[in-house]
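The block underneath contains the structure these notes are about, expressed in C-alpha cells.
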Amino acid sequence: MAIAIFAAASGARAADDPRTKANTSRAAREEALRAIPFNRLTAEARAKATDVIQDLSLYRRLPTRSIDCDPELYAFLVRHPEVVVNIWRVMGITQMQLDRVDATNYKVADGQGTKGRMEYLYSSAGVNVIYSQGTYDGPLYPRTVRGKCLILLRTSHRREPNGRYTVVGQLDTFLAVDNLGVEVLAKTFQPLIGKAADHNFTETANFVANLSHTSETNESGMLRLGRKLTDIDIKTRERFLELVSAVPQKYAATKLEAVSPPELVRAATQAGAQ
C-alpha cells in the first residue's frame with residue numbers, strides 16, 4: 001500500500017531499544033494524537049482526520065529508524081512520493097501507480113487490489129499528516145473492503161561529528177475499515193497489515209538511503225536515472241536532479257572539514273611542490 005512511500009529510515013541502532021519495535025499501545029496512540037497539529041489544519045482537513053480517529057479499527061506505530069541520508073533529498077522525496085514510485089517503475093520493481101492530481105492530492109493504485117486517493121493534510125519540515133481513502137479487491141477477502149487511513153510522519157535530522165547527516169523518522173498509522181467484523185479484522189488483516197507495513201517501511205527507507213548514497217558516489221548514474229523519470233512533471237524532475245547534484249558537493253565539503261588545518265597545509269605544500 002502507499003504507506004510504504006513514507007518510510008522514514010532503516011537499520012535499527014539497538015535491538016533492545018523499544019523505539020525500534022512496532023507499538024500498538026494506547027499510550028503511543030494518545031501521544032501520536034497529541035502530536036497531530038489539529039489547530040493548523042483546515043476545517044475540511046480536521047473533519048477528515050477526525051473521521052478516521054472516531055471510527056478507528058487499527059492503530060500502529062511503526063518502528064522508529066535512523067538512516068545516513070542527505071536531509072534535503074529525504075524531505076523532497078517525502079513530499080514528492082511520485083518520484084520514488086517513478087524510479088521503481090523505471091527499474092521494473094513495481095506495478096504501483098501514483099499520479100499527482102494537484103499540489104496536495106494523488107490517485108493511488110498499488111497493482112495488488114488497492115485503489116484510492118491520498119492527500120497531504122499538513123506539511124512542515126518535521127511533520128507530515130497524510131489522509132487516504134480507498135478500496136481493496138483482492139484474494140484476502142471475498143468482498144470489497146473500504147477504508148480510510150491517517151498517517152502521521154515525524155522526522156528530524158542531526159549532523160554527526162564526522163559531518164554526515166542522520167535522518168530519524170517515526171510513522172504512526174490510524175486505519176478505519178468499513179463493514180468488516182472485528183474478529184475477521186483481528187485474525188486476518190491486522191497481522192498481515194502490521195508485518196507488511198513494517199517490512200515496507202524498512203525496505204522503502206533502505207531505498208531512499210541508497211538513493212542518497214548513490215547520489216554521493218555516482219552522481220552521473222543518478223542523473224541518467226533521473227532524466228528517465230517521465231511520469232512526473234518537468235519542474236519536479238529538475239528539482240530532483242538539482243538535489244542529486246548537490247549531495248556529492250555537500251559531502252565533499254564535510255570531508256574537507258574533517259581534515260585538520262596542519263594536514264591541509266601539508267597537503268597544499270606537497271601539491272605545490274609537484
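As a basis for the values below, the full set of heavy atoms in this structure was taken, side chains included, without hydrogen atoms, waters or symmetry mates.
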Closest approach of P248 and S215, non-hydrogen atoms and distance?
-> CD-O, 3.4 Å
Atom pair CZ (R26) and CG (L33), whose distance is rounded to the nearest 0.5 Å = 11.0 Å
Give a yes or no on whether the backbone of N206 and the side-chain of N210 come within a donor-acceptor separation of less than 3.5 Å.
-> yes
State the CD1-CG distance between I87 and L211, to the nearest 0.5 angstrom.
-> 5.0 Å
D68 side chain reached by E160 side chain, heavy atoms, under 4.5 Å = no
Test side chain to side chain contact (heavy atoms under 4.5 Å, CB included) on M118 and Y131 and set out the steps.
-> CA-CA 6 Å; M118 184 177 74; Y131 169 84; over 6 Å; no
Note, F174 side chain near L58 side chain (heavy atom, < 4.5 Å) | no
Just by distance, do the side chain of H80 and the backbone of F76 share a donor-acceptor pair under 3.5 Å?
-> yes
Short question: side chain of R100, backbone of A103 - any donor-acceptor pair under 3.5 Å?
-> yes
Side-chain heavy atoms of R164 within contact of R159, under 4.5 Å = no
State, without any angle test, whether Y59 and D172 hold a side-chain donor-acceptor pair at a distance under 3.5 Å.
-> yes
More than 12 non-hydrogen atoms from neighbouring residues, nucleotides or ligands closer than 6.0 Å to CD1 on I93, yes or no?
-> yes
Reported CG-to-CD distance for the pair L241 and E219, which is rounded to 0.5 angstrom = 10.0 Å
Taking the side chain as every heavy atom from C-beta outward, state whether L77 and F207 have any atom pair closer than 4.5 Å.
-> no
Atom CD of E44 with >12 non-hydrogen neighbours under 6.0 angstrom | no
Is there a donor in the side chain of E119 and an acceptor in the side chain of T104, or the other way round, less than 3.5 Å apart?
-> no
For the student: nearest non-hydrogen atoms of T230 and N86, plus distance | N-OD1, 3.4 Å
Pair R146-V177, side chain to side chain contact (heavy atoms under 4.5 Å, CB included): steps then yes or no = CA-CA 6 Å; R146 303 182 185 279; V177 182; over 6 Å; no
Of all the heavy-atom pairs spanning D51 and K148, show the shortest one and how long it is.
-> OD2-NZ, 2.8 Å
Taking the side chain as every heavy atom from C-beta outward, state whether V208 and C69 have any atom pair closer than 4.5 Å.
-> yes
Carboxylate-amine/guanidinium proximity below 4.0 Å for E31 and R34 | no
Output for pair (R117 CZ, Y106 OH), nearest 0.5 Å, gives 12.5 Å
Does the side chain of L150 come within less than 4.5 Å of V129's, by heavy atoms?
-> yes
Atom pair CD1/OG1 of I130 and T173 - distance to nearest 0.5 Å = 11.0 Å
Decide whether a cation-pi geometry holds between R79 and Y120; the criteria are a distance under 6.0 Å from NZ or CZ to the six-membered ring centre and an angle within 45° of the ring axis.
-> yes
Take Y122 and R40 through the side chain to side chain donor-acceptor pair (under 3.5 Å) test and state the conclusion after the steps.
-> CA-CA 8 Å; Y122 176 82; R40 298 183 182 181; 3.0 Å; yes
Decide yes or no for N39 and P37: does some side-chain heavy atom of the first lie under 4.5 Å from some side-chain heavy atom of the second?
-> yes
Indicate whether the side chain of D137 and that of T144 have a donor and an acceptor atom separated by less than 3.5 Å.
-> yes
Under the side chain to side chain donor-acceptor pair (under 3.5 Å) rule, collect the residues that match up with E72, sequence neighbours excluded.
-> K250
Could you pull out the closest heavy-atom pair between G111 and Q95, with the gap in Å?
-> O-OE1, 3.5 Å
Which distance, rounded to the nearest 0.5 Å, do you find between the OG1 of T64 and the CD of Q170?
-> 4.0 Å
Is any side-chain heavy atom of T114 less than 4.5 Å from a side-chain heavy atom of V108?
-> no
Considering non-hydrogen atoms only, spot the tightest contact between S212 and L73 and give its length.
-> CA-CD2, 3.8 Å
Test side chain to side chain contact (heavy atoms under 4.5 Å, CB included) on Y165 and Y251 and set out the steps.
-> CA-CA 9 Å; Y165 293 91; Y251 281 100; 3.7 Å; yes
Is it the case that one hydrophobic cluster holds both I232 and V101, taking links as side-chain heavy atoms less than 4.5 Å apart, direct or via other members?
-> no
Could you go step by step and tell me if T166 and I67 meet the side chain to side chain contact (heavy atoms under 4.5 Å, CB included) rule?
-> CA-CA 5 Å; T166 296; I67 51 171; over 6 Å; no
Closest non-hydrogen atoms of A28 and R61, given as atom of the first, atom of the second and distance, are O-NH2, 3.2 Å
